[in-house]
Amino acid sequence: MINALIERAVTHRLLVLLGGLGVLVLGAFSALKLNLDAFPDVTNIQVQINTQAPGLAAVEVEKLITFPVESVMSGLPGLSEVRSISKTGLSVVTVVFEDNVDTYFARQLIVERLQTAKERIPNGLGSPEVGPITTGLGQIYKYILTSATLDAMELRSINDWIVKFQLRTVPGVTDVLSFGGDVRQYQVRVDPNRLVSYNLTLGDLRNALKNNNTNAGGWFLEGAQEQLVVRGEGLIRGGRDGLTDIEKIVLKSIDGVPVYVRDIAEVEYGAEIRQGAVSKDGNGEVVMGVVLQLKGANTNDVIAGLRTKVAAIQKVLPEGVKIEPIYDQSDLIEKAVSTVVKALSEAAVLIIVVLFLFLWNVRSALVVLVSIPLSMLVAVIMMRWYGLSANLQSLGGLAIGIGMMVDGSLVMVENIMRHLSEPHHKGSLPYRVVHAAQEVAQPIFFAVLIIIVVFLPLFTLEGVEGKLFSPMAFVVAFAMLGSLVVALTIVPVLASIFFYGKFSEEDSFLVRGLKRIYAPVLQFALRRRFVVIGISLLALAATIAVVPRLGTEFVPELDEGTLSIRVTMNPSISIEESLRIAARMETKLRKYPEVTYAISQIGRPELGGDPEAVNNNEMWVGLKPQSEWTTTQSRSELIEILTKDLSEHPGVALNFSQPIATRVDELLSGVKAQLAVKLFGDDLAVLEAKGREIEAILNGVTGAADVQMEQISGEAQVVVRADRNEVARYG
């Protein structure tokens, strides 16, 4: 079959060349349409259910909201696990499905079951809502609003009612979270003495406010030639007029004299009770927006749309209000893609030089080189067909396979050149090319097949490991299949067109020189066979002995250009004290020339995002390119310096990582750390005692850094950040 394929390819050369041209066009089109990401998205199929319960303690949230929601999720098809977090005023339940379950089907199942859960939750305590369709790596863009004249409440209102609504219209954006600032409320501050004097209760006040904030419809009246719509307007107006409307609501009548809300209370603007805040560079609070990407969207295209939309929104904002982007994942994507492109370019140049030096023939070298772009484009076409994104892992497959892509074509061209250089062979050029190609077609086929088979274990990986490494294996396999097709069809066709004239069997000067060196070495090896075998066995034994001392990592570290510092403080700390400590740390960080910004995310937003307490501060530290660093030239050394500088606060624990790395760690273990030890039990005292013992032991392990213990709902966890340099030394 292979021989027939080669013969028909040379016979129908025009069709083969048109097919190659089609691969070029389709490959270029597919490359433009590929989703670009910095890192493979390892998020499993999960649906998050959020429930706000203002004023409810964590114990009541767990008992009255979280448990009813969790209990109705049992038995769902494809269900993997259900986990939850109960915080003061907030319940977050995460339902995880198997990877073969469709995301939208999973959400539909959850919505159906939530109807039952809502019936089990006491009235008025909260209504569960399904979270946005995003992933663990969906926080692709962050911005802050700044103004020299407006306070945090005004900026928060602008973000909630102007910026967020506009950004949600960008294709690929599923939601925008507001973080920081004060949410404006109309607050009725009751005077208890006046309330009692008018013989009223808080229930009366609440009912009056509710009943006087509704509109009513009365259909319409028919006139002589008109139809008049009848409306009853009772909604409280916005702005300062709303305060007046509330003050004028009638609570009761005493002897015909109305009692208004203003008679028993003061009506003013106020801030909603919050569990989170954002500050920047030690200059006080700011309002931040976090853009969540729709699952499966093209990150690069979404960010491009966000940049355009932000520029348009800026023109309509009040004077002095500015939108300042602080985190843009496209920068990381560009760095990742440029790294791979640079590696591919350097490898391609090296291959070109080697081919010219060894083949010593321009035509043959160019024919072999054709296999590189065509094989890559075949891989790109298949990536788009299978829905694989272009990221550091998948594109790394092309970098791994670029040297192997030319193997088949090189063997094919060399054999064709050998046949054409033999003068006693007769026949037309196409006939001699076909005959030479058929001689090596079968070895080429099995050689490529063996390379693909080597990657079979990666194809079988599942879960997070499969999402990380199987795309690379698929890309290598696609590229090798493309190189096989090129070697068996396009290379013989090009040889039958361009390999006219005479070819010489004489080696190039480089090959002749290498042969002069190799010949005596080979003769010595053949004479001293047992010595060579002994040396080989010793080398093998030495290699095996070194393997246990090599460091191991789950995935190579990606320099994201941004540090993530998790600051854990006293559990009972107030939000004001957290802000004070954050401001001091930000000021310290900004004195380093390598740092471009320092932003603290304390606690959590009102709904969505990470459900953290106010004693948790996620600091994002932007860094300049490493070539511009002056304090140190190593990221690990910079982390050590920052750790010493920030550790002045007693009782404050620090954990250094990077935004995406933290997300990946959390998806792997459920904890924002590279290593985690979990203890389960009912006795918190025993858990804490054992946790302290484990913490002390881990602190003595070489390579362990930022070891700290935390307690979460009867579960003690010890989290560890590994020092990668020490791990590499000691394994």
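Reckoned from all heavy atoms, side chains included, excluding hydrogens, waters and symmetry mates.
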Under 4.0 Å between a Lys/Arg side-chain N and an Asp/Glu carboxylate O for R194 and D263? no

Run the side-chain contact (heavy atoms from CB on, under 4.5 Å) check on T562 and Q329 step by step: do they pass? CA-CA 10 Å; T562 305; Q329 212 173 91; over 6 Å; no

Please say which of L317, V321, V286 ends up in a side-chain contact (heavy atoms from CB on, under 4.5 Å) with S147.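 Of the listed residues L317, V321, V286, the side-chain contact (heavy atoms from CB on, under 4.5 Å) partner of S147 is V321.
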
Is the shortest distance from a Lys or Arg side-chain nitrogen in E577 or R580 to a carboxylate oxygen in the other one below 4.0 Å?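 Result for this pair is yes, salt bridge flagged.
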
Tell me whether E695 is salt-bridged to K690, with the criterion being a basic N under 4.0 Å from an acidic carboxylate O. no

Should R566 and E618 be marked as a salt bridge (Lys or Arg N to Asp or Glu O under 4.0 Å) after you check the CA-CA gap, both sets of side-chain angles, and the distance that decides it? CA-CA 5 Å; R566 190 183 190 200; E618 294 287 344; 3.6 Å; yes

Within the 3.5 Å criterion, strictly below it, is a donor on S84 or T66 matched to an acceptor on the partner's side chain?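 Distance-only check fails for S84 and T66.
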
Could you check whether E60 pairs with K87 (Lys NZ or Arg NE/NH1/NH2 to Asp/Glu carboxylate O, under 4.0 Å)? no

Test item: R83 side-chain N/O and V96 main-chain N/O as donor-acceptor pair under 3.5 Å: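 Not a single qualifying donor-acceptor pair exists.
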
Ring centers of Y327, Y141 separated by less than 6.0 Å: no

Under a 4.0 Å threshold between the charged nitrogen and the carboxylate oxygen, would R184 count as salt-bridged to E154?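 Looking at R184 together with E154, the answer is yes, because their closest N to O distance falls below 4.0 Å.
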
Distance only, no hydrogens: is a donor on one side chain within 3.5 Å (strictly under) of an acceptor on the other, for E586 and S600? yes

May I ask you to decide whether R590 forms a salt bridge with D281, counting only side-chain N to carboxylate O separations under 4.0 Å?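 The answer is yes: the pair qualifies as a salt bridge.
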
Start with the C-alpha distance between S127 and Q52, add both sets of side-chain angles, then the distance that settles side-chain contact (heavy atoms from CB on, under 4.5 Å), and finish with yes or no. CA-CA 7 Å; S127 179; Q52 280 187 303; over 6 Å; no

Set out, in order, the CA-CA distance, both residues' side-chain angles and the distance that settles salt bridge (Lys or Arg N to Asp or Glu O under 4.0 Å) for D328 and R307, then state yes or no. CA-CA 10 Å; D328 187 335; R307 289 174 175 173; 2.7 Å; yes

Please determine if R262 forms a cation-pi arrangement with Y260, meaning its NZ or CZ atom is less than 6.0 Å from the six-membered ring centre and no more than 45° off the ring axis.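 Positive - R262 is close enough to the ring of Y260 and near enough to its axis.
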
